[in-house]
Amino acid sequence: SSVTRGGRMLFMDALEIDEGDNQEGLADLLSSNIDREIKKAYTAFSSWAVGAPATVWTGLWGCGAFNGDPGVKMTLLWIAASLAGKELRIICDSSNDKFASEFEAFIAQVLAERPAATASGLIEKLQRVPHTTERLASMRWLLDS
């Protein structure tokens, strides 16, 4: 049996560099930024050949130094990976246990809504999150709504 070594590293620019343009609320929740982030991630995720491993592994992309909201960012990556035909695997360390548990609950909640569990359905959910929601509070809002 052959062993595949290594993988692909995908680099994307950070939306939060533009955050200065949005004085109120999360830049992640602006409709134009939701579209931008999905297109950017979809392009990255669909950039390798059919037949190559179809799993994308990521940490909380854009949520560290760039201050993105993990609930919004991981939902956007989930949408993009699904559209690209990839499986998304999110890596969280123990400092992110609360988010990991909430995101797992959100995934279960969304999947229970089938057939409404679609990319457009997830986008609609994100668009309903109030723009004034504070960073790190979007996942709680999505779970409670």
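The first residue in the sequence is number 1, and the count goes up from there.
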Kindly compute the distance separating [atom1] ([X]) from [atom2] ([Y]), expressed to the nearest 0.5 Å.
X      : Y      : atom1 : atom2 : result
Ile123 : Arg128 : CD1   : CZ    : 12.0 Å
Glu37  : Ser32  : CD    : OG    : 10.0 Å
Thr58  : Arg89  : OG1   : CZ    : 13.5 Å
Ile107 : Gln109 : CD1   : CD    : 11.0 Å
Leu122 : Ile38  : CG    : CD1   : 8.5 Å

Between [X] and [Y], what is the shortest heavy-atom contact and its length?
X      : Y      : value
Ala119 : Ile79  : CB-CG2, 3.8 Å
Pro70  : Cys63  : CA-SG, 3.4 Å
Ser138 : Val129 : CB-CG1, 4.4 Å
Met139 : Phe103 : CE-CD1, 3.4 Å
Tyr42  : Ala80  : N-CB, 3.5 Å
Leu142 : Phe106 : CB-CE1, 3.8 Å

Does the [X] side chain pair with the main chain of [Y], one donor and one acceptor, at a distance under 3.5 Å?
X      : Y      : result
Arg140 : Glu102 : no
Asp28  : Gly68  : no
Arg135 : Asn67  : yes

request  = Check the pair Asn33 / Leu29 against side-chain contact (heavy atoms from CB on, under 4.5 Å), numbers first and verdict last.
outcome  = CA-CA 7 Å; Asn33 290 343; Leu29 291 171; over 6 Å; no
inquiry  = Phe45 vs Leu77, test: side-chain contact (heavy atoms from CB on, under 4.5 Å). Steps then yes/no.
reply    = CA-CA 9 Å; Phe45 297 160; Leu77 290 183; 3.8 Å; yes
Other residues, nucleotides, ligands: >12 heavy atoms within 6.0 Å of Glu134 CD =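 No, not enclosed.
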inquiry  = Could you check whether any side-chain heavy atom of Leu60 comes within less than 4.5 Å of a side-chain heavy atom of Lys73, counting everything from C-beta outward?
reply    =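 Counting from C-beta outward, Leu60 and Lys73 never come under 4.5 Å.
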ask   = Would you say Asp69 and Thr133 make side-chain contact, with heavy atoms under 4.5 Å?
value =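 No - every pair of side-chain heavy atoms lies 4.5 Å or more apart.
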task = Check which hydrophobic residues are tied to Leu136 through side-chain heavy-atom contacts below 4.5 Å, counting indirect links as well, and list them.
result =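 Reading the cluster by chain and number, Leu136 sits alone, since nothing else belongs.
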Set of side-chain contact (heavy atoms from CB on, under 4.5 Å) partners for Asp93, sequence neighbours left out =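 For Asp93 the side-chain contact (heavy atoms from CB on, under 4.5 Å) partners, ignoring immediate neighbours, are Ser95, Asn96.
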ask   = Trp57 and Met74: same hydrophobic cluster, using ILVMFWY side-chain contacts below 4.5 Å?
value =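 Looking at the clustering, Met74 is in a separate group from Trp57.
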message = Side-chain heavy atoms nearer than 4.5 Å, only ILVMFWY residues, links allowed to pass through others: does that put Val56 and Ile91 together?
response =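 Result: no, two separate clusters.
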ask   = What do the steps show when you test Val110 against Lys125 for side-chain contact (heavy atoms from CB on, under 4.5 Å), and what is the final call?
value = CA-CA 10 Å; Val110 168; Lys125 286 180 184 298; 4.0 Å; yes
